[in-house]
Protein chains: 2
Amino acid sequence: MDKSCSNCAHRQAAEWSVLEGANVAHMDDARRSRSFLAGEAIYHEGDEATGVYCVSSGLVGIRKVDADGESVLLRLVRPGQTFGYRSLLTGTPHGVSAEVLKEGRICHVPAATVHRIAADSPALVMAFFRHLARDMAEAENKVMETVTASCRVRFLRLLVAFGGEADSDEGTRVRLELPVSRQDIASLIGVRSETMSRVIRAIENEGLAHFKGRHVDIPDARRLADESFGSLAA
Amino acid sequence: MDKSCSNCAHRQAAEWSVLEGANVAHMDDARRSRSFLAGEAIYHEGDEATGVYCVSSGLVGIRKVDADGESVLLRLVRPGQTFGYRSLLTGTPHGVSAEVLKEGRICHVPAATVHRIAADSPALVMAFFRHLARDMAEAENKVMETVTASCRVRFLRLLVAFGGEADSDEGTRVRLELPVSRQDIASLIGVRSETMSRVIRAIENEGLAHFKGRHVDIPDARRLADESFGSLAA
DNA sequence: TCCGGGTGTTGATTCAGATCAATTCCAAGA
DNA sequence: TCTTGGAATTGATCTGAATCAACACCCGGA
């Protein structure tokens, strides 16, 4: 399996899709994939970048830890997405750590290869720029949210985001699976896990959604989406 | 004044410094500068990008407003720094708004020019990538801080950041001037202005710093820096 | 089968910061 | 000079979320 990027299921999604000709071969050639178990660290804050990573399957979390040991889960990286390119391209140590949240397979493209191809293909650099721009926009949203929205609203919005990726069968009912543990969800929206529990119970009681393990059943997605639009759903 | 980028006081700082040969001339030729008064908007969220801006003098604030009208000041743009390049390069509408906080002069390089030069100079794109990467790192720090640190600590860290740019005369005493109003500082660290006042008064009472208008006098910068390192200064 | 430990839940209590409501301060304009 | 309106301060009160402390649940291993 995984013999080549060309037949990777996610080829379209990743930055590599802009590559042409010999560069595709270079990539395929230098690329190495290996499987990771949940909990394994891929790199730590402060490490030097050794290349660019690409999630083939599983789920990766980008984390940051402060001096007090407080850890925040900044974002998730899903299959088909790349990560770690920022430090590599700027030549600075990683400012965040990456860790496997759900076991899977992750490709690694060595630094030298990325640099060589980037020097030859401005389109690749541009693709990474776009990726970074999108991440930046999300980071800005996150700052806004943590400052202005209650933890309840933040959680509802996260549900909506997860739901967007899930299968919303024609009607308004949506069934989805939480990709990570509740602790991690709490960390993702910046609250304590106890608070997370209470928020979930409240939502459950109101009948907005039904939680069983990692399964979530949303009877009326529209109602939930409305609620997630800030406190005043004018 | 301001006849050319070549003799701009901030030439070294901005992304343009990587340009060579004819591209420098193209830039200089197309560039237009004009002065803005405090409070003027440069662009709004949702606007299409018309070019890249460069602060010559004064101060610019990057803001984001949510559905409820809550506004957060995300970051400041100082003389010598560029902004607005993100939307231009990705071809997406601005996700934030830019507004003049302190009157001054701002240069504008039209979209067509930037695109033409960028197509010819991969180094320019790379320079913008670096800028974005730095902003992203700061955004990540901001998320961390708003989630983990008290508003007191967040304010102290902001003071330290301002102090870093100021003149710390040989000793530990630092004298600096706040670049923006207290309301804006409150918005910058994500608290209400009332809270801001109280925090400032508390710091004043402890003798950590002395505030008079926008002037701040820090008798012992080291002590202040220590305090800013989270709640537990082990 | 009985552990053990990680994950999640629940309750009681506390506290940081928001909110509501007056003032006071101050700079620009008439 | 007086006026005026935004910026800043101050006080009283409320509340959302953290904290502290048990306890229930579930799953893999001996």
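In what follows, chains carry the letters A, B, and so on, assigned in the order in which the sequence lines appear, proteins first and then strands, with residues in each chain numbered from 1. Atom set for the values below is all heavy atoms of this structure, side chains included, hydrogens, waters and symmetry mates excluded.
B/R182 has its CZ atom 14 Å from the P atom of C/dC25, to the nearest Å. Atom CZ of B/R214 is separated from atom C1' of C/dC25 by 15 Å (rounded to the nearest Å). Spacing between atom CD1 of B/I189 and atom C1' of C/dG17 amounts to 11 Å, rounded to whole angstrom units. The distance between atom CD of A/Q183 and atom P of D/dC25, rounded to the nearest whole Å, is 18 Å. Between A/R192 atom CZ and C/dT7 atom P there is a gap of 16 Å when expressed in whole angstrom units. The distance between atom CZ of A/R198 and atom P of D/dA17, rounded to the nearest whole Å, is 12 Å. Straight-line distance from the CG atom of B/D184 to the P atom of D/dG6: 16 Å, rounded to whole Å. A/L101 places its CG atom 18 Å from the P atom of C/dG6, with the value rounded to the nearest Å.
Side-chain N/O atoms of B/R105 and B/S33 include a donor and acceptor closer than 3.5 Å.
Note: A/F128 and A/W16 have perpendicular aromatic rings, judged against thresholds of 30 and 60 degrees for the angle between ring planes. Using a 30° and 60° split on the angle between ring planes, B/Y53 and B/F83 fall in the parallel class, below 30°. Ring geometry, B/H94 versus B/Y43: the interplanar angle falls under 30°, so the pair is classed parallel (tilted spans 30 to 60°).
When distances run from any side-chain atom of B/E194 to the nucleotides C/dG17, D/dA17, C/dT19, the shortest one goes to C/dT19. Distance from the side chain of B/T195 is smallest to C/dG17 among D/dT19, D/dA8, C/dG17. Distances from the side chain of A/S181 to the nucleotides C/dG8, C/dG17, C/dT9 place C/dG8 closest. Side-chain atoms of B/S150 lie closest to C/dG17 of the nucleotides D/dA17, C/dT10, C/dG17. If you check C/dT9, D/dA18, C/dG17 against the side chain of B/C151, the one that comes closest is C/dG17. Closest to the side chain of B/R201, from the set D/dT10, C/dT10, C/dG17, is D/dT10.
The residue A/R152 sits apart from the nucleic acid: no heavy atom pair falls under 4.0 Å.
A donor-acceptor pair under 3.5 Å links the side-chain atoms of B/K142 to the main chain of B/L74, judged by distance alone.
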Query raised in the report: DNA chain C in dot-bracket, Watson-Crick or G-U pairs under 3.5 Å, [ ] crossing, | other strand?
Result: ||||||||||||||||||||||||||||||
